[in-house]
Each structure stands twice: as C-alpha cells, then as structure tokens.
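Structure, as structure tokens:
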Amino acid sequence: MKMYFQEINKISYEGAESNNPLAFKYYDAERMVAGKKMKEHLRFALSYWHTLTGNGTDPFGQPTMERGYNELKGMALSRARVDAAFEFMTKLGIEYFCFHDLDIAPEGDSLQEKLENLDVIVALIKEKMKETGIKCLWGTTNAFGHPRFMHGAATSPNADVFAFAAAQVKKAMEITLSLGGENYVFWGGREGYETLLNTDIALENDNLARFLGMARDYAKKIGFKGQLLIEPKPKEPTKHQYDFDTMTVLGFLRKYNLSQDFKLNIEANHATLAGHTFQHELALARVNGMLGSIDANQGDMLLGWDTDQFPTNIYDATLCMYEVLKNGGIAPGGLNFDAKVRRGSFKPDDLFISYIVGMDTFAKGLLVADRLLTDGVLEDFVAGRYSSYMVGIGKKIVEGTTDLEELAEYALKHDTIELQSGRQEMLEDIVNRYIYGKCE
Ligand code: XUL
Ligand code: CO
C-alpha cells in the first residue's frame, strides 16, 4: 500500500517542555482526568472534507496543497484518499472521522452512478476501519455544492430538488448506518434565502421541517440508533440561514415537534458569526438538553466569514471543555476538527502540525476546565450570586408559590436594596491564573 505521509512517524506525547512540532505537548490519550481517559473526554474526529479533499483553492486562486494523490482522478483519487485518511488518523491517534457523501466518492454522470461509486468506497472504508479500529463519528450529505442546489435543497422552490436531496440523505444515512456512525448531521447548506422578494419563507420553513421529519422516520425504519444533529449557522452561503443559532433552531424544532429527535452540533466559528461566543452557544444547548456534538475550529475576529481555522485559542477551548464537563461529557458526539490549514500552509506536515496544535489546545483546555470545576471557584461564586433565590421570597418565586400582589407588598417593605458586585474582572483573572499554571 502506498504511504502518503512516509516521512512522518507516529505522533507521540512528549510533554509541555518539548519543542518538537510533531509531538503532543498536552494530549496524552491514556491520561486519566476526572475519572476518564483524555481521549474519552475529547473524542477527536478528522473532517474528511477539509483534510482530504480540501486543496487550498480560494475565490482568488488555484489549489496549493502538496499531496501525494494530486495527480489522480475519479475513483482512483477517492481510493487513494481513503488510504491517506487512515494513515493520517493512525499516525495522529485520532479514533473518529466525519464525512459528507461527496467527500469520499465522485458525483458520476447520474444519480445511479453516484450511488454505485459510494458503495465501492464505503466497502473500502469498512475494511480500513476493521484494520485500524477507527470509527465513524458522523456522516452527512453534501446537498449544497452542485448547481441543482443553488436555491437550496429541502427549501428549494423546486420539488424535484427536494426529492433529489431526499435521495441523497437516504443514501448517506444508509452509509452512515453501515459504517456504524454514532451520529448523523444536518448542516443547513443553502437552506436560507438571499431576498424576500422571491421567497416564500413560510413554505420553505414548513418544507425544511417536513424533510427533517422524513429523515427521522427513515432513520428509525432502517434501525439507525445514532443521534441526529442539526448544526446552526447564521449566514454563508446564504445571506440568512434558517438554522441561525442554538435558540433559533430550538424554537424551530419545538414548533414542528421535532425537539425530541434532534440535538445540536455546535461549531465555534458559526457561533462567532452569529455574534455569540462559542461558550454561549454551548451553554444554551447544554441547559436545554440539546448539546450533541462539537465542530472544533475558530474564526478570525477581523473577518466576517467562516474561516474554519484550527483552534489555538486556549481561553475558548477551556470554556468549551468547561461546558462539556458540565454536560457530563459529549458522547456519542465528539470534537470534530471542522478546520482547514491556511492556503499558505501547503506542506503535508502542516496538516499534522495543525491537528497536533488543535488537539493540544483542547487537551490543555480540558485540564484547566477540570481543575476549575474541581476547585469550584466559578461555581461557588455563581451559586452565591443567586443565593437570594434559595430562601424567603426568592424561594417562593422559584417554587411558583407567589404572585404579583404578594411581591408588590414585599417590595414596599424592602425597598432599600443592597446589590453585590458581579466581579467580572476578578473572575477573568481566576480563569487566567488557572490557564497560566494551576494545572500542569
Ligand atoms: C459549513 C460546515 C459544514 C458542516 C458539515 O460551514 O460547518 O462543514 O460541518 O456539512
Ligand atoms: Co461544521
């Protein structure tokens, strides 16, 4: 079998003092943290699209990525990418992957040919999974790239497009099931609009719900036990994506009676595009029992689009893992690196270095978050801040045993109110100090 990363050996843990860019400084897969192995907390996954099919093109320029399979085409290229993917994951110790149908096999000239191509590659992937023990975190379908989806898929004004997308999702779910996928993701693709002058948003939203309902029914019918996930994103490619953010999706799912069947896949860069922090989206999903999985990446605060950079921001990673720990873990979801190397980082070892930095950032974030939670520093402060709801009139408010009249009477007698400081800067300093050194 051809090797695509011959010059790179298995990546090992060397510790925080190491200067080797091709070694882990914090990610020590078997290390126990809060009763579980690091790798069980983090459940890292490779994104097939950015890692194997991404070639460095941007709207202004041609491919840049130096890859050993660049000369190949069609099915030969798809086969080579399978070999490269499993070599890469094995060397990094990544135990999961995520994919779109079209990442793994070429379109073909007809729907039939596309389905047949998929069957051939899926058989190959299955062999590799058996050989390596690597698993599928989630599958999805690409119903946004082909020109037929220019006006959307489930929200296209053309019913034939709706049907085509349905055929694709049906197949992608079957594949995900046959690969033992633990989740299935719906990212909105082009489910949104550019102008209301040509758009029936009521019908489009109803159709999106109909589509998701049919997908849920089919998943049940074929015995897919994985978690169904929706990945919110506010804009790009459409001006206004229907799955804007956590609360928008939650409202939508509740309206159409779908909230029992779906959870959310929260992506860092989508959160910031929506004008939220990553933690905001994670926390709202968590407190509503909807946190399903994570697309780990980061955006650039100076740019208004989805740059899908590898996550290197320790502050955000810490607060992400804080939410994950408070959620009782992320399984059956995981941390999928929906991230791509910059166009100028075109060498094969850049791919390894980027994953290593991302994995180290989240491993360190996990250590800091665990220590923050064990010491209870933030939790204790927050509990104290709301302590007036534990007794007296506050307790009655929470228990629903009071009303406006009683509250008005109470307020008349207690109109000299003493407030406490929110101590934001003090708390930020505490987080900083835990990041700097309280947990090696
Ligand atoms: C797009 C995005 C997708 C989904 C899968 O912004 O994040 O890659 O994660 O379709
Ligand atoms: Co994503």
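Order of listing sets the numbers, starting from 1, for every ligand and every atom in it. One is the number of the first residue; the rest follow in order along the sequence.
The residue N265 has no part lying near ligand 1, judged by heavy-atom distances below 4.0 Å. Only the side chain of D295 comes within contact range of ligand 1, with a heavy atom under 4.0 Å; no backbone atom does.
Not a single donor-acceptor pair under 3.5 Å links the side chain of E267 to the backbone N or O of P232. Q227 places no side-chain N or O within donor-acceptor distance of the main-chain N or O of G292, the cut-off being under 3.5 Å. Without hydrogens or angle criteria, K37 side chain to E30 main chain gives no donor-acceptor distance under 3.5 Å. When atom types are taken as modelled, the side chain of Q298 and the backbone of T312 share a donor-acceptor pair closer than 3.5 angstrom.
From the protein, the heavy atom lying nearest to atom 10 (O) of ligand 1 is H100 NE2, 2.7 Å. Nearest non-hydrogen protein atom to atom 3 (C) of ligand 1 is D338 OD2, 3.6 Å.
Summarising the geometry of A85 relative to L52, their closest heavy-atom pair is CB-CD2, 3.6 Å, with the distance given to 0.1 Å. Taking all atoms of both residues into account, the shortest heavy-atom contact from L291 to I266 is CD1-CG1, 4.0 Å. Nearest heavy-atom pair, A45 versus L137, reported as atom, atom and distance to 0.1 Å: CB-CD2, 3.8 Å.
Residue contacts with ligand 1: W138 is placed with no nitrogen or oxygen under 3.5 Å of a nitrogen or oxygen of the ligand (distance criterion only). No N or O atom of T140 sits closer than 3.5 Å to an N or O atom of ligand 1. Among the atoms of W187, none of the N or O lies under 3.5 angstrom from an N or O of ligand 1.
The ligand atoms of ligand 1 that sit less than 4.0 angstrom from a heavy atom of E231 are 2 (C), 3 (C), 4 (C), 7 (O), 9 (O). With ligand atoms numbered from 1 in the order given, ligand 1 contributes 6 (O) to contacts under 4.0 Å with heavy atoms of D306.
The count of protein N, O or S atoms under 2.8 Å from the Co ion (ligand 2) stands at 4, with waters excluded from the count.
Residue contacts with ligand 1 include H270, since one of its heavy atoms falls under 4.0 Å from the ligand. Remark: distances from the non-hydrogen atoms of V185 to ligand 1 are all 4.0 Å or more.
A distance of 6.0 Å or more separates the ring centres of Y13 and Y27.
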Note to self: Pair R433, D429 - check salt bridge (charged side-chain N to carboxylate O under 4.0 Å, His left out), show working.
What the structure shows: CA-CA 6 Å; R433 282 188 289 118; D429 178 57; 3.1 Å; yes
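Considering F5, F97, Y69, Y48 in turn, F5 is the only one that fulfils the ring pair (Phe, Tyr, Trp, His ring centres under 6.0 Å) rule with F88.
Between the side chains of Y256 and D206, a donor-acceptor pair is found at a separation under 3.5 Å.
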